[in-house]
Number of protein chains: 2
Amino acid sequence: MRFSTRGRYGLLLMIDLAQNSAQGPVSLKSIAERQNLSEHYLEQIVPDLRKNGLVKSIRGAQGGYILNKSPNEINVGDVIRVLEGPIAPVECENQMDEECCANTDFCINREVWVKVRDSITDVVDSISLADLLQGENKEIMEQ
Amino acid sequence: MRFSTRGRYGLLLMIDLAQNSAQGPVSLKSIAERQNLSEHYLEQIVPDLRKNGLVKSIRGAQGGYILNKSPNEINVGDVIRVLEGPIAPVECENQMDEECCANTDFCINREVWVKVRDSITDVVDSISLADLLQGENKEIMEQ
DNA sequence: ACAAATCCCGATTGGTTTAGTAGGATATAA
DNA sequence: TTATATCCTACTAAACCAATCGGGATTTGT
């Protein structure tokens with residue numbers, strides 16, 4: 001029950017952009033160095049962020065990536081959903097809809113998974129990149 | 001970001017026991033039939049439940065499994081932790097302790113994962129097997 | 001004593017996911 | 001024109017998942 005490196009690295013990448021892309025495009029190489037990640041692996045992750053409108057790319061020398069919205073308009077949930085797919089603690093065909101449990105008339109566990117999903121969603125959708133940057137300064141985020 | 005079948009099937013197994021093991025041991029075969037699961041696969045899951053004191057086994061013909069505590073003393077989190085390992089949305093050596101992020105002085109994302117973990121923990125530790133059985137009768141659990 | 005039921009245990013397997021790596025094509029600034 | 005970048009497709013080694021397989025040990029009913 002854990003997030004993969006796609007979500008984790010992607011979030012680090014987005015935070016790096018939030019910190020560094022105000023003056024101009026930031027290359028994956030520099031992000032990879034600062035965050036101690038594989039540049040090639042970031043290369044595999046970042047197209048999803050671009051296609052979903054979270055970052056913008058500038059090709060060629062001195063190119064790189066910049067945030068496509070301001071840090072307080074992007075929250076952690078946006079990044080995670082793009083890189084890891086929908087937040088769903090069990091694999092139901094149609095995102096945990098009523099028809100998901102074909103085995104039994106009524107899936108007795110469904111409420112558990114729905115509550116878990118909703119609690120995760122609440123957390124990740126309530127924290128923006130700006131919150132994380134502010135949290136860094138304060139060392140401890142507000143509860 | 002999802003639970004595997006171990007946790008899901010295990011929870012179904014535990015609920016089946018809560019419903020049926022009051023009068024005596026329940027065989028995996030009957031559970032597998034009722035829940036429409038593979039008996040052999042349940043056989044692979046149930047030793048973990050036994051070793052962690054959640055169920056008790058009775059060997060031989062007419063044997064089977066019974067709950068080792070009352071349904072309101074067992075909560076969903078107990079079952080999940082036994083079958084899926086600790087609830088930790090990222091893989092840090094020492095369960096998300098302060099030393100987890102060696103790459104940087106301070107892991108800016110740590111607060112996110114801690115909050116996600118805590119929110120999941122809150123949910124699964126607040127729902128007992130008894131709650132789930134009651135929820136079945138009411139069709140909708142209380143919020 | 002014996003057969004059936006049942007738990008117990010280790011090994012194997014086919015498929016998927018993860019976390020990358022390799023190598024090149026395209027675009028652009030200097 | 002050269003160095004710096006993004007972009008794109010493919011490949012791979014390892015791990016994990018969801019079982020399956022084949023037996024062995026224990027108990028009950030007859």
Side-chain angles (χ1 to χ4, degrees), chain A residues 1-13 16-17 20-21 23-33 35-52 54-68 80 83-86 88-91 103, chain B residues 1-13 16-17 20-21 24-33 35-52 54-68 80 83-85 88-91 103:
Chain A
M1 183 59 183
R2 56 182 37 143
F3 293 107
S4 72
T5 53
R6 287 179 63 82
R8 301 218 315 282
Y9 294 2
L11 196 51
L12 286 171
L13 183 152
D16 197 284
L17 287 185
N20 298 300
S21 77
Q23 276 74 38
V26 178
S27 71
L28 289 189
K29 189 180 182 201
S30 69
I31 296 174
E33 278 168 6
Q35 306 298 331
N36 197 22
L37 304 173
S38 152
E39 178 187 354
H40 252 57
Y41 190 44
L42 288 182
E43 217 170 47
Q44 196 177 340
I45 290 170
V46 79
D48 290 333
L49 297 170
R50 183 173 53 81
K51 286 169 194 158
N52 286 275
L54 294 178
V55 304
K56 218 160 54 175
S57 67
I58 292 103
R59 300 187 66 169
Q62 268 57 53
Y65 294 90
I66 58 176
L67 286 189
N68 205 19
I80 289 181
L83 295 175
E84 309 241 3
V90 301
E91 27 159 351
N103 288 344
Chain B
M1 182 60 182
R2 56 182 37 142
F3 293 107
S4 72
T5 53
R6 287 178 63 82
R8 301 219 315 282
Y9 295 1
L11 196 50
L12 287 170
L13 183 153
D16 196 285
L17 288 185
N20 299 300
S21 76
V26 178
S27 71
L28 286 190
K29 189 181 182 199
S30 69
I31 295 174
E33 279 168 5
Q35 306 296 332
N36 198 21
L37 303 173
S38 151
E39 178 187 356
H40 251 60
Y41 191 45
L42 288 182
E43 221 169 42
Q44 194 178 340
I45 290 171
V46 78
D48 289 333
L49 297 170
R50 182 173 54 79
K51 286 169 194 159
N52 285 276
L54 294 179
V55 304
K56 217 161 51 174
S57 66
I58 292 104
R59 301 186 66 167
Q62 268 60 54
Y65 294 89
I66 58 176
L67 286 191
N68 205 19
I80 289 181
L83 295 175
E84 309 244 2
V90 301
E91 27 160 350
N103 288 343

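Just so you know, these numbers come straight off a predicted model, no measurement behind them. Just so it is clear: chains get the letters A, B, ... in the order the sequence lines come, proteins before strands, and each one is counted from 1.
Listed in residue order, the members of residues 55-62 of chain B having a heavy atom less than 4.0 Å from DNA chain C are Ser57(B), Ile58(B), Arg59(B), Gly60(B), Ala61(B), Gln62(B).
Close to dT18(C), at under 4.0 Å from its OP1 or OP2, lies no side-chain N or O of Thr5(A). For the pair Tyr65(B) and dC8(C), the criterion of a side-chain N or O lying under 4.0 Å from OP1 or OP2 is met. Within the structure, a side-chain polar atom (N or O) of Tyr9(A) is placed less than 4.0 Å from OP1 or OP2 of dG20(C). OP1 and OP2 of dC17(D) both lie 4.0 Å or more from every side-chain N or O belonging to Ser4(B).
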Could you write out each protein N or O paired with an N or O of nucleotides 8-13 of chain D at a distance under 3.5 Å?
{"residue": "dC8(D)", "atom": "OP2", "partner": "Arg50(A)", "partner atom": "NH2", "Å": "3.2"}
{"residue": "dC8(D)", "atom": "N4", "partner": "Glu43(A)", "partner atom": "OE1", "Å": "3.3"}

All N/O donor-acceptor pairs, side-chain side in residues 39-50 of chain A, below 3.5 Å, sequence neighbours left out:
{"residue": "Tyr41(A)", "atom": "OH", "partner": "Thr5(A)", "partner atom": "OG1", "Å": "2.9"}
{"residue": "Asp48(A)", "atom": "OD2", "partner": "Arg6(A)", "partner atom": "NH2", "Å": "2.3"}

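Listed by chain and number, the residues in a side-chain contact (heavy atoms from CB on, under 4.5 Å) with Asp16(B) are Asn20(B), Val26(B), Ile31(B), Arg34(B), Gln35(B) (sequence neighbours excluded). With sequence neighbours left out, the side-chain hydrogen bond (donor to acceptor under 3.5 Å, both in side chains) criterion links Ser38(A) to no other residue. For Ile66(A), the side-chain contact (heavy atoms from CB on, under 4.5 Å) partners two or more places apart in sequence, or in a different chain, are Ser21(A), Pro25(A), Lys56(A), Ile58(A).
Straight-line distance from the CD1 atom of Ile31(A) to the P atom of dA5(D): 12 Å, rounded to whole Å. Separating the CG atom of Leu42(A) from the C1' atom of dA22(C) is a distance of 17 Å, rounded to the nearest angstrom. Rounded to whole angstrom, the span from the NZ atom of Lys29(A) across to the P atom of dT6(D) amounts to 10 Å. With rounding to whole Å, Arg2(B) atom CZ is found 13 Å from dC17(D) atom P.
Along DNA chain D, the nucleotide closest to Glu39(B) and the one closest to Val26(A) are compared, and the more 5′ of them pairs with Val26(A). The residue among Glu84(A) and Leu28(B) whose nearest nucleotide of DNA chain C is located toward the 5' end is Leu28(B).
Rounded to the nearest 0.5 Å, atoms CZ (Arg8(A)) and CG (Leu37(A)) are 9.5 Å apart. In this structure, CG in Asn68(B) is found 11.0 Å from CG in Leu17(B), a value given to the nearest 0.5 Å. Atoms OG and OH, on Ser4(B) and Tyr9(B) in that order, are 9.5 Å from each other to the nearest 0.5 Å.
Looking at every heavy atom in both residues, Ser30(B) comes nearest to Ser27(B) through OG-O, 2.9 Å.
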